[in-house]
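These notes concern the structure reproduced below.
Remember, it's a predicted structure, so these values are computed and weren't measured experimentally. For this chain, numbers begin at 1 and follow the sequence in order.
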Amino acid sequence: MKLTILGGGGFRVPLVYGALLTDRAEGRVTHVVLHDLDGQRLSAVTRVLAEQAAGVPDAPEVTATTDLDEALRGADFVFSAIRVGGLEGRANDERVALDQGVLGQETVGAGGIAYGLRTVPVAVDIAQRVARLAPDAWVINFTNPAGLVTEAMSRHLGDRVIGICDSPVGLGRRIARVLGVKNPGEAWIDYVGLNHLGWVRGLRVAGRDELPRLLADPDLLGSFEEGKLFGVDWLQSLGAIPNEYLHYYYFNREAVRAYQQAEKTRGAFLADQQAHFYQEVEQSNASALEVWDRTRAEREATYMSENRETAGAGERDADDLSGGYEKVALALMRAIARDERTTLILNVRNQGTLSVLDSEAVIEVPCLVDANGAHPVAVAPLPDHATGLVCSVKAVEREVLAAAESGSRSTAVKAFALHPLVDSVNVARRLVEGYSSVHPGLAYLK
């Protein structure tokens, strides 16, 4: 079975390959093709993967290419984790927004819109190539903004593209752990929303919802990441546990101020860190895997550090530093390839699951997965405050898709202006001007 990884020179690719090395069953991935536009990055990651595979019998074969059509042809699964504009582009997204006093995070607010505007045309091209060169392939999308990009690709691939994210998985795992659930895999997580905009409303173990017990216990509620990040009182007011990215909405002023005062934005930090990693792997005789491990530990420990500092949440717990999206990807591939039915929280087309959105809207909800793909599970309606936010952000995503398709500059302005975290049409206009000046990938906006 052939797995093609787009963005194959990306820093997190070894997480996916490491997960594949533990999969010894029949019907597993036997060939991994790495595709990237940057040969240096491909070379560095290939070295890391070779060290990971050392001594592992029947490790999946790895090849690398800069030819996209060659990479896609004959693929059974395509894992898309591209970053259009690279980390320099992400840093520019953050800086342009912060200069206007609004959030520049890569998936939320102005930064997410800018990232989407330059990523959607590339993602659509990939989807069209997959449909032509590997029509039976399943595309697993991790490219951010994951929900938006998955929806763009679904217009060409239908339900054969599925978006994944590790945030809901990590949130469910933390809640289960603090509640003393011995096997988190046995818990049913009632999670509903959009990518990076969802809420856990229940956690059922053996048919019993254990979330009310957590919400009623201030000590327990304040003992894990989200309790520290949002505060006990706010979580009790909501009656739910929000995805950590909702901190950007609920504490927007504090988040923007913290990012403005930071020595470096997150994108600039990662750009410098990863540049050092690729350079060290290329120029030294050190173990590429050891260099990668060391760099990854620093990356994970500093995740959302400004938000945690704002909330006085302290450092992340050691148990939260292990990532998880590679496990979701492998579980999804396994369920489809072997018809090993499972339940995963995924980004899929709505198909009537949330009545306030149309059937084509991509949402993030629990899905039953089998050989025929991912099937969203019926969920109870969201409360009004969540419904309003979900509908508002989905409307923005639709404007981004319309702007990417038409090349309309005025539609791009509309996308920015309608976002809840952009508070002025004039700011929206300046954002489009600012982003157009630093991103060649937005030259199509006229």
Side-chain angles (χ1 to χ4, degrees), residues 1-36 39-67 70-81 134 136-140 142 162 164 166 169 173 183-185 277-278 280-282 284-297 299-300 319 321-342 344 369-371:
M1 196 160 66
K2 175 181 174 181
L3 167 64
T4 295
I5 302 180
L6 306 182
F11 183 78
R12 294 210 271 187
V13 168
L15 292 172
V16 177
Y17 190 68
L20 294 174
L21 292 176
T22 66
D23 186 22
R24 314 309 304 162
E26 292 296 323
R28 66 190 180 90
V29 171
T30 55
H31 184 198
V32 176
V33 178
L34 306 180
H35 172 269
D36 205 288
Q40 179 196 22
R41 290 164 61 90
L42 276 177
S43 176
V45 170
T46 301
R47 278 187 57 188
V48 176
L49 269 52
E51 290 188 35
Q52 285 181 304
V56 179
D58 298 325
E61 175 191 3
V62 177
T63 57
T65 180
T66 56
D67 186 317
E70 177 188 339
L72 293 175
R73 192 172 288 111
D76 296 290
F77 287 91
V78 177
F79 188 89
S80 180
D136 295 327
W138 291 89
V139 177
I140 300 174
F142 190 70
I162 301 168
I164 67 171
D166 52 356
V169 176
R173 185 177 61 222
N183 184 2
F277 161 74
Y278 289 108
E280 185 175 356
V281 170
E282 181 181 32
S284 77
N285 294 321
S287 161
L289 181 56
E290 289 180 2
V291 175
W292 178 81
D293 274 331
R294 182 177 71 245
T295 307
R296 182 175 72 94
R299 173 194 175 109
E300 295 294 340
D319 290 338
L321 301 181
S322 58
Y325 87 97
E326 72 283 357
K327 298 174 185 176
V328 181
L330 184 60
L332 177 57
M333 287 191 289
R334 183 188 296 120
I336 293 174
R338 305 175 197 162
D339 200 16
E340 292 182 1
R341 301 183 180 188
T342 189
L344 298 168
V369 188
D370 57 23

*Hey, is the main chain of Asp36 close enough, under 3.5 Å, to the side chain of Thr66 for a donor-acceptor pair?*
no

Can you name the residues that form a side chain to side chain donor-acceptor pair (under 3.5 Å) with [X], not counting sequence neighbours?
| X | answer |
| --- | --- |
| Glu280 | His276, Arg294 |
| Ser287 | Glu51 |
| Asp67 | none |
| Asp370 | His375 |

Listed partners of [X] passing side chain to side chain contact (heavy atoms under 4.5 Å, CB included), at least two apart:
| X | value |
| --- | --- |
| Ser43 | none |
| Ala71 | Thr4, Val33, His35, Thr65 |
| Ala286 | Ser284, Val291 |

*Picking from Leu49, Val29, Thr30, what satisfies side chain to side chain contact (heavy atoms under 4.5 Å, CB included) with Leu20?*
Val29

_Within this structure, what is the CG-CD1 distance for the pair Leu332 and Ile162, rounded to the nearest 0.5 Å?_
4.5 Å

*Distance (rounded to the nearest 0.5 Å) between Arg28 CZ and Arg334 CZ*: 12.0 Å

Without placing hydrogens or testing angles, list every side-chain donor-acceptor pair under 3.5 Å for residues 52-63, not counting sequence neighbours.
| from | atom 1 | to | atom 2 | distance (Å) |
| --- | --- | --- | --- | --- |
| Gln52 | NE2 | Pro14 | O | 3.0 |
| Thr63 | OG1 | His31 | NE2 | 3.0 |

*Using ring-ring contact (aromatic ring centres under 6.0 Å, His included) as the criterion, list what pairs up with Phe11, not counting sequence neighbours.*
Phe277, Trp292

*Does Ile336 reach the side chain of Phe77, with side-chain heavy atoms less than 4.5 Å apart?*
yes

